[in-house]
Structure formats: C-alpha cells, structure tokens
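First up is the structure itself, then whatever we jot down about it.
Not measured: the values here are computed from a predicted model. We count residues from 1, following the sequence as given.
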Amino acid sequence: MTDQHVVGFDGMWMPEADDPRKTNTPVDELEVIREYLTNYRTTLGLKCDDLTPEQLARRSVPPSTMSLLGLVRHMARVEHNWFYRCLQEHFDVPRIFWSPEDNDLDFNEAVADTAAVEDAFTQWRAQIAAADAWLDAGPDLSARIHTPWDDDIAVRDILIHMIEEYARHCGHADLLRECIDGRTGQ
C-alpha cells in the first residue's frame, strides 16, 4: 500500500505543539478578528515554506495563472489596498502588483526568480506589519470609510472581508501545495 495517501504527522502536518498559530480566548471583537487574520496569514506562509522559486511560481491548471507566489503577491496587494489605501485614505497611492492594463499582474508576473520571490515576501510582510500597526491603534469598527468606488463601508466589514479573502486563498494554497509535493494540512 505504498501508493496510499497518508495524512497526519508523518511529514504532512506539524505537531500541534510546533504550530505557530494561536487559539487564545479573545475577549473583544477586535481581538477575535485579529486572531483569525493572523492565523490565516500564518497559514499562507506555512503553505509556502521550504519551496524553491520554481515550486512557488508553479501554476495550477490552465488557463489559470494562480500559484503560491501569485497568492503571496495578491495578498500583499489586498493588504495594501484595504489597510493603507482605503482604511487610511491614501487613495492617491498606486496599488502594488497591479496596473490598469493588467488587473491580474499579481499572478501574471509571479515568476520563478529568486529576486521576484524575495520581493513578494518582503512586500507581503511589510504590508502585514503596517496593517498590524494600524490595528494596534484600536480602530472604531463601526466607523465608515468612503472608497473611491463610491462605496460606504464599515471598518468591521473591511476586516471581515480580509479574513474571507485569506480563508478563500488558503484553500487555494492547500491544493497548490498538495500538487507540488503532496503536503496537506497546516
């Protein structure tokens, strides 16, 4: 039975004691949101651990351009757009990993190059750090933001959308990683 798929600690999932994600008992709404957001961010990083630039840039199934590297670039772009551009009202700042000519630049330029990988992870981590610094100030979750798209959105809705965005893409990352080396879990 050597061809049977194995699930568990046999190189597939890390032991619970080694898992960097936290499951505390948050007291208030912002703490709950932050814990989920942090854990999903960590999950995406875990999905990318120990892979080469070629593996990170490997695309799913044609015609999709989705890859783990593309997901990291995409989430850097999403973090930047919502936390910096919208929540801090820096609408004049251009989006990262995006252009008017190519809405999928985050995925389309995810190439198997060490410099591209380093740039993507540097940008993603910087956007997370900036977002966390903004969250540390304790935003009013009921405050409303008027976006350039003429939407009026509560801060709470944007934060929940960020959790939704990560949850969806962590599912994609799980499948992509399994196709690369068979690793599941995390």
Side-chain angles (χ1 to χ4, degrees), residues 13-14 16 19-49 60 64-100 103-107 110 120-178 184-186:
W13 293 350
M14 67 180 60
E16 190 174 325
D19 194 331
R21 292 165 295 189
K22 305 293 180 229
T23 51
N24 298 317
T25 320
V27 176
D28 67 27
E29 185 179 13
L30 183 57
E31 288 176 4
V32 171
I33 289 168
R34 290 191 75 170
E35 183 173 290
Y36 273 90
L37 188 56
T38 298
N39 285 341
Y40 278 122
R41 288 166 168 165
T42 302
T43 298
L44 181 58
L46 289 170
K47 291 294 173 187
C48 298
D49 279 353
S60 59
S64 176
T65 59
M66 186 178 293
S67 66
L68 287 169
L69 182 58
L71 288 173
V72 169
R73 289 167 52 94
H74 177 69
M75 291 313 301
R77 170 183 154 182
V78 170
E79 294 260 2
H80 177 258
N81 185 58
W82 285 112
F83 280 104
Y84 187 72
R85 293 182 74 246
C86 291
L87 289 172
Q88 297 177 54
E89 299 182 350
H90 295 286
F91 301 120
D92 57 326
V93 174
R95 296 179 189 185
I96 60 172
F97 300 126
W98 179 86
S99 77
N103 189 46
D104 288 327
L105 188 69
D106 40 2
F107 291 101
F121 279 91
T122 297
Q123 288 276 4
W124 181 52
R125 289 181 185 116
Q127 295 308 317
I128 289 171
D132 283 345
W134 183 83
L135 287 166
D136 287 343
D140 175 0
L141 299 180
S142 297
R144 304 207 60 90
I145 302 296
H146 190 78
T147 70
W149 312 282
D150 216 23
D151 292 325
D152 188 45
I153 305 173
V155 169
R156 172 183 293 103
D157 290 341
I158 293 171
L159 298 179
I160 298 301
H161 171 70
M162 289 299 301
I163 293 169
E164 170 198 34
E165 187 88 13
Y166 270 102
R168 176 176 52 251
H169 292 314
C170 282
H172 295 136
D174 195 34
L175 294 171
L176 288 164
R177 181 63 189 247
E178 186 173 9
T184 59
Q186 293 350 359

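Note that the CG atom of L135 and the CG atom of L30 stand 6.0 Å from one another [nearest 0.5 Å]. How far CG of D104 is from CE of M66: 9.5 Å, rounded to the nearest 0.5 Å. Note: I158 CD1 to M162 CE = 10.0 Å, rounded to the nearest 0.5 Å. Residue F83 holds its CZ atom at 7.5 Å from CG of D132, rounded to the nearest 0.5 Å. L87 contributes atom CG, which lies 6.5 Å from atom CG of L159 (distance to the nearest 0.5 angstrom). The structure places CG of D28 at 10.5 Å from CZ of R34, a figure rounded to the nearest 0.5 Å.
With hydrogens and angles ignored, the 3.5 Å screen pairs a side-chain donor or acceptor of T42 with a backbone N or O of T38. A donor-acceptor pair is defined here as one N or O able to donate and one able to accept, closer than 3.5 Å; such a pair exists between the side chain of R85 and the backbone of F91. Side chain of E164 to main chain of I160: no donor-acceptor pair is present (N/O by atom type, distance under 3.5 Å, no hydrogens or angles).
For the side chain to side chain donor-acceptor pair (under 3.5 Å) test, residues two or more places apart in sequence or in another chain that qualify with W98 are N103. With sequence neighbours left out, the side chain to side chain donor-acceptor pair (under 3.5 Å) criterion links E29 to R156. By the side chain to side chain contact (heavy atoms under 4.5 Å, CB included) test, A130 is found to be paired with no residue, residues two or more places apart in sequence or in another chain being considered. For A120, the side chain to side chain contact (heavy atoms under 4.5 Å, CB included) partners two or more places apart in sequence, or in a different chain, are L69, V72, R73. Partners of Y84 according to the ring pair (Phe, Tyr, Trp, His ring centres under 6.0 Å) rule, which considers only residues two or more places apart in sequence or in another chain, are H80, H90. A search for side chain to side chain donor-acceptor pair (under 3.5 Å) contacts involving R144 returns D152, not counting sequence neighbours.
Between H161 and W82, the ring planes lie perpendicular to each other; the angle is over 60°, past the 30° to 60° tilted range.
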Practice problem: Give the intermediate values and the outcome of side-chain hydrogen bond (donor to acceptor under 3.5 Å, both in side chains) for residues E35 and Y40. | Solution: CA-CA 9 Å; E35 183 173 290; Y40 278 122; over 6 Å; no
Quiz item: Hey, mind stepping through K47 and D174 against side-chain contact (heavy atoms from CB on, under 4.5 Å) and telling me if it holds?
Solution: CA-CA 7 Å; K47 291 294 173 187; D174 195 34; 2.5 Å; yes
Quiz item: Yes or no on side-chain contact (heavy atoms from CB on, under 4.5 Å) for Q127 and I96, after CA distance, side-chain angles and deciding distance?
Solution: CA-CA 10 Å; Q127 295 308 317; I96 60 172; 4.0 Å; yes
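For the pair E79 and A131, the tightest heavy-atom approach, listed with the atom from each and the gap, is OE1-CB, 3.6 Å. For the pair C86 and T147, the tightest heavy-atom approach, listed with the atom from each and the gap, is SG-CG2, 4.4 Å. Of all non-hydrogen atoms in L68 and L176, the two that sit nearest each other are N-CD1, 3.8 Å. The two atoms that bring S67 and A110 nearest to each other are OG-CB, 3.8 Å, heavy atoms only. Across all non-hydrogen atoms, the minimal contact from F107 to G70 is CE2-C, 3.4 Å.
For the residue pair E89 / H146, no side-chain donor-acceptor distance below 3.5 Å is found, with atom types taken as modelled.
F97 and H74 have their aromatic ring centers separated by at least 6.0 angstrom.
Taking a 6.0 Å sphere around OH of Y36, one finds it holds 12 or fewer heavy atoms contributed by other residues, nucleotides or ligands.
A 4.5 Å side-chain heavy-atom check between I145 and V155 finds at least one atom pair inside the cut-off.
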